Amino acid sequence: MKITTWNVNSLTARLQHVLDWLTANPVDVLALQELKLTDDKFPHDALREIGYEAVAFGQKTYNGVALLSRSPVANVARNIEGFADESARVIAGTVETPNGPLRVVNGYFVNGQEPGSEKFQYKLNWLNGLQSWLRNELAAHPRLVLLGDFNIAPEDRDSYDPVGLAETIHHTTVERDHFKALLGLGLHDAFRMFDQPPKSFSWWDYRMLGYQKNRGLRIDHILVSTPLVPQVKACSVDRVPRKWTKPSDHAPVTVELG
DNA sequence: ATGGCTTCTCCTAGAAGA
């Protein structure tokens, strides 16, 4: 089965891209971030027509996450239990697979804007909350995938300019330590389980011809729990939709589980 | 050097994204 994460930067603006991409890539589960719409505006009908049911957790203008699935999603949770949050950033659900139930946790991690800012502190608090909650989620659901827009470039090789951007947003030691702490819970970066082309990124700035010059970051991730590791068959970024007209600034990342 | 784009809204300017 295939599971994908994609920050679409407005589902209203990107609905046709999502429909086109899913039609060409009929993955089992698609985790979306940055819907930027409220649940009453969620395009259930258009998705149903191509075979997907969705559970959504939306918000006006900002944030918003959803799980699209070809099979039912059960036991849906919204945001981080035990962490009060004004923003719609997490939706989790369980799908049945031939190997048993699979917990899928989809997150739109806080951006943080600038180290030292209030928003950066919110990012750190949010990451602490996520970590505590995930410990329990993993205990309850040993087969778990955490995926989404992490807004963290975990290592220097995940940035187009690790020296020039050292200790700037997405690159700070404290953010990277949080990423390592997630791995410490018993999660594994599916992308790094395979040989990948150098300068593999998942996001490119709209400005400065970012995509054309491959000035990007790898900030969209798929982490799998230890029991799933033997089942991971592939993980890759699909740059194709980043080349479409009016693209999202993020590309979809897909993991294949055997 | 800066910002260079795209999205949204209390809508045509400003905030936010990353």
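This one's a predicted model, so the numbers in the text were calculated from it and none came from an experiment.
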Practice task
May I ask you to check whether A:Trp244 and A:His17 place their ring centres under 6.0 Å from each other?
Solution key: yes

Practice task
For A:Ile152 and B:dG17, give me the distance from atom CD1 to atom C1', rounded to whole Å.
Solution key: 16 Å

Exercise for the section: Go through the side-chain N and O atoms of A:Asn106 and A:Gln33 and say whether any donor and acceptor fall under 3.5 Å apart. Expected result: yes

Problem - Rounded distance in Å - NE2 (A:His17) to P (B:dT6) - result: 12 Å

Problem - Residue pair A:Lys60, A:Leu37: steps toward the side-chain contact (heavy atoms from CB on, under 4.5 Å) verdict - result: CA-CA 5 Å; A:Lys60 194 174 178 179; A:Leu37 51 72; over 6 Å; no

Handout entry: Base of B:dA18 paired with side chain of A:Asn111 (donor-acceptor, under 3.5 Å)
Key = yes

Practice task
Ignoring backbone atoms, establish whether A:Arg14 has a side-chain N or O less than 4.0 Å from OP1 or OP2 of B:dT7.
Solution key: yes

Handout entry: Flag, side chain of A:Ser202 to backbone of A:Asp220, donor-acceptor distance under 3.5 Å
Key = yes

Practice task
Can you tell me the distance, in whole Å, between the OH atom of A:Tyr62 and the C1' atom of B:dT7?
Solution key: 9 Å

Fill in the blank from the handout: Comparing nearest nucleotides in DNA chain B, the 5'-proximal residue of the pair A:Leu217, A:Ser10 is A:Ser10

Handout entry: Flag, side chain of A:Asp28 to backbone of A:Ile3, donor-acceptor distance under 3.5 Å
Key = no

Exercise for the section: Using the C1' atom as the reference point in each nucleotide, state the distance between B:dA1 and B:dA13 in Å, no decimals. Expected result: 25 Å

Practice task
Sticking with atom C1', work out how far B:dC8 lies from B:dT2, rounded to a whole angstrom.
Solution key: 25 Å

Handout entry: B:dG17 OP1/OP2 closer than 4.0 Å to side-chain N/O of A:Lys36
Key = no

Practice task
Mind checking A:Ile219 for me? I need base, sugar-phosphate or nothing, with any heavy atom below 4.0 Å counting as a touch.
Solution key: sugar-phosphate

Exercise for the section: Scan A:Asn7 against the nucleic acid and name what it touches under 4.0 Å (heavy atoms): base, sugar-phosphate only, or nothing. Expected result: sugar-phosphate

Exercise for the section: Name the nucleic acid region contacted by A:Gln113, choosing base, sugar-phosphate or nothing; use a 4.0 angstrom heavy-atom cut-off, strictly under. Expected result: base

Problem - Nearest-angstrom distance from the residue atom CD of A:Gln59 to C1' of B:dG17 - result: 14 Å

Exercise for the section: For A:Tyr108, report the nucleic acid contact type (base, sugar-phosphate, nothing); a contact means any heavy atom under 4.0 Å. Expected result: sugar-phosphate

Exercise for the section: Using the C1' atom on both, measure B:dT7 against B:dC11 and round to a whole Å. Expected result: 13 Å

Practice task
Grab the CH2-P distance between A:Trp204 and B:dT6 for me, whole Å please.
Solution key: 16 Å

Handout entry: Touch class at under 4.0 angstrom, heavy-atom based, for A:Asp205 against every strand present
Key = nothing

Problem - Nearest-angstrom distance from the residue atom CD of A:Glu114 to P of B:dA16 - result: 13 Å

Practice task
Would you kindly give the CD-to-C1' distance between A:Glu34 and B:dA16, to the nearest whole Å?
Solution key: 9 Å

Exercise for the section: Tell me whether the OP1 or OP2 atom of B:dA18 has a side-chain N or O from A:Asn151 closer than 4.0 Å. Expected result: yes

Exercise for the section: Any chance you could lay out the side chain to side chain donor-acceptor pair (under 3.5 Å) test for A:Ser248 and A:Asn9, step after step, and finish with the verdict? Expected result: CA-CA 6 Å; A:Ser248 167; A:Asn9 184 20; 5.5 Å; no

Exercise for the section: Report which part of the nucleic acid A:Lys123 touches: base, sugar-phosphate, or nothing (heavy-atom distance under 4.0 Å, all strands). Expected result: nothing

Practice task
Identify whether any heavy atom of A:His171 sits under 4.0 Å from a base atom; if not, whether one sits that close to sugar-phosphate; answer base, sugar-phosphate or nothing.
Solution key: nothing

Problem - d(CG, A:Asp149; P, B:dT7) in whole Å - result: 17 Å

Handout entry: Aromatic A:Tyr52 / basic A:Arg70 pairing, under 6.0 angstrom, 45° off normal
Key = yes

Practice task
Please figure out whether A:Lys119 or A:Tyr206 has its closest DNA chain B nucleotide nearer the 5' end.
Solution key: A:Tyr206

Practice task
Check every strand shown and say whether A:Asn63 touches a base, only sugar-phosphate, or nothing at a heavy-atom separation below 4.0 Å.
Solution key: nothing

Problem - B:dC10 to B:dA15 separation - C1' atoms, rounded to the nearest Å - result: 13 Å

Handout entry: Nucleotide nearest A:Ala13 when distance is taken to its side chain, options B:dT9, B:dA18, B:dT7
Key = B:dT7

Exercise for the section: Could you measure between the two P atoms, the one in B:dG14 and the one in B:dA18, and give it in whole Å? Expected result: 22 Å

Practice task
Could you tell me whether A:Arg215 contacts a base, only the sugar-phosphate backbone, or nothing, with contacts defined as non-hydrogen atoms closer than 4.0 Å?
Solution key: nothing

